[in-house]
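Single-structure report; data block below.
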2 protein chains.
Amino acid sequence: MPAPVTEEQSRLDRHALLDAAERLFYARGIQAVGMDEVRAASGLPLKRIYRLFATKEDLVVAMLRNRDQRWRGNLAAYVEGTADPRERVLAIFDWLARWFAEPDFRGCAWTNAFGELGTSSEPVLAEVRSHKRAFHDQIAAWVRPTGIPSAEPVHLLAEGAIVTAAITGDPAPARHARTAVATLLEAAAPEPG
Amino acid sequence: MPAPVTEEQSRLDRHALLDAAERLFYARGIQAVGMDEVRAASGLPLKRIYRLFATKEDLVVAMLRNRDQRWRGNLAAYVEGTADPRERVLAIFDWLARWFAEPDFRGCAWTNAFGELGTSSEPVLAEVRSHKRAFHDQIAAWVRPTGIPSAEPVHLLAEGAIVTAAITGDPAPARHARTAVATLLEAAAPEPG
DNA sequence: TACGATAGAGAACGACCGTTCTCAACGTCA
DNA sequence: TGACGTTGAGAACGGTCGTTCTCTATCGTA
């Protein structure tokens, strides 16, 4: 048997595959990218791809889950670098502003997947909802210590900024949302002075 | 010549076609619906469809434009039924709440189209941007007389509510956004008393 | 060195899609 | 009435896609 695919090799393959799939699917859409292109970009033979993920749908779900971990991890790392609760909530929008300015920014991968597959793939829909719930809960946890009575406006401003920046191609919505959140913070409990 | 397709007939055909196309594309996505299904739903022969619109892409753009007119028209009719400037801005979110509660609500047709075709169809992208700009400008015109210094937060809250209601399937974001806008109105120029 | 299990490369398969073409049917006008 | 021009129905075409299969090369073992 020639190199019967060690477990370590599988881990590396899986990583390369998810990485290539994410790049392609995010840049051009899921339906627009064929499995043959994923094969070429990942450098893996089609056979090995299908041993790791039985269907394209499985691969899409795994890549969304993988992206969720990294994306929310990066957000949390950035935001939690700020100690003051109010500044911390504002930092969410600083992080968004940086993201929007990245050259390959193309909006929210999960919202895009919903637009593409929302009705036709139950597993993808579940993954999208799971990500959005986690993002919402993350924000709620950061908002709680600030005195704002509800986290919902902060969450909605973030979602609105993401979709608007994506479609217009302009990162300004991050600033606008940040300003609005600052106003809400003021309204909830004005700074002394 | 048997009924050489009068101009009046063309108008009716066009209407039936755009209507069927909008229903199908909105419910199940653009790429997921084939032209043959559009033919069956519209009752028009394929030949006549392709005389009205040379390509599927043309049909998609026309249906988005058609929907834009109706959708923003309905919004404006509802909102402008309220005289008081502040109440009028809040009415935007009452209208959204009703829309979110419709049984076939599936989010923003333009955002969904962006997620699906944003990179692969220049004309569709242009139509999506045109709609979003018009929606933004509509909101800005309603916000101007209220004293809120910027319309951006109202717009971002609306966009965030739409995408969140679509993905979660819960119309509550309309209420949350409305409450947030009320707070911003208060903060901008508190009611006397 | 001979064997056998497995891997990689890519052809093949079946389904579907957007678009065009064929052809019989029909209404209109000479 | 007969010929023509246009229509509708749907077959056909060329292409693509997800997935599977074939075939050959390779490597560890005996």
Side-chain angles (χ1 to χ4, degrees), chain A residues 1-14 16-18 20-25 27-64 113 116-117 119-124, chain B residues 1-18 20-22 24-25 27-64 113 116-117 119-124:
Chain A
M1 337 153 189
V5 185
T6 69
E7 202 160 319
E8 169 68 7
Q9 189 56 251
S10 284
R11 277 204 327 102
L12 293 176
D13 286 355
R14 200 186 140 91
L17 180 53
L18 290 176
E22 180 179 340
R23 217 185 333 265
L24 286 171
F25 290 149
R28 311 225 317 275
I30 292 165
Q31 316 216 54
V33 172
M35 288 300 281
D36 197 65
E37 213 163 343
V38 173
R39 174 199 57 79
S42 67
L44 264 48
L46 222 37
K47 211 172 200 172
R48 213 183 276 185
I49 292 177
Y50 276 95
R51 199 166 318 138
L52 288 165
F53 300 101
T55 65
K56 185 183 185 180
E57 187 179 55
D58 289 353
L59 172 61
V60 169
V61 169
M63 121 13 207
L64 287 178
E116 219 173 328
L117 306 171
T119 46
S120 63
S121 168
E122 203 41 68
V124 168
Chain B
M1 336 154 188
V5 185
T6 70
E7 202 160 319
E8 169 68 6
Q9 188 58 250
S10 283
R11 276 204 329 102
L12 293 175
D13 286 355
R14 201 186 138 91
H15 185 275
L17 179 54
L18 289 176
E22 180 179 339
L24 286 171
F25 290 150
R28 312 226 315 276
I30 292 164
Q31 316 217 54
V33 172
M35 289 300 282
D36 197 65
E37 213 163 343
V38 173
R39 175 198 58 78
S42 67
L44 264 49
L46 222 38
K47 211 173 200 172
R48 212 182 278 186
I49 293 177
Y50 276 95
R51 201 168 315 137
L52 288 165
F53 300 102
T55 64
K56 184 183 186 181
E57 187 179 54
D58 289 353
L59 172 61
V60 170
V61 170
M63 111 30 193
L64 287 178
E116 218 172 329
L117 306 170
T119 46
S120 63
S121 168
E122 203 39 70
V124 169

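For B:Y50, the side chain to side chain contact (heavy atoms under 4.5 Å, CB included) criterion is met by B:M35, B:L46, not counting sequence neighbours. For B:S120, the side chain to side chain contact (heavy atoms under 4.5 Å, CB included) test picks out B:L117, with sequence neighbours left out. Scored by the side chain to side chain contact (heavy atoms under 4.5 Å, CB included) test, A:A32 finds no partners at all (sequence neighbours excluded). Under the salt bridge (charged side-chain N to carboxylate O under 4.0 Å, His left out) criterion, A:R39 pairs with A:D36, sequence neighbours left out. Listed by chain and residue number, nothing satisfies the side chain to side chain contact (heavy atoms under 4.5 Å, CB included) test with A:A40 (two or more places apart in sequence, or in another chain).
Rounded to whole Å, atom C1' of D:dA12 lies 14 Å from atom NZ of B:K47. Put simply, CG on A:L24 is 15 Å from C1' on D:dC17, counting in whole angstrom units. With rounding to whole Å, B:R51 atom CZ is found 12 Å from C:dT20 atom P. Taking atom CG on B:D13 and atom C1' on D:dT7, their separation rounds to 12 Å, with Å as the unit.
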Which parts of nucleotides 12-18 of chain C does protein reach within less than 4.0 Å, heavy atoms only, written one letter per nucleotide 5' to 3' as B for base, S for sugar-phosphate only and - for none? ------S
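Between C:dA7, D:dA9, D:dT19, one nucleotide has an atom nearer to the side chain of A:L46 than all others, and that is D:dT19.
The nearest pair of heavy atoms linking A:R14 to A:L52 is N-CD1, 4.0 Å.
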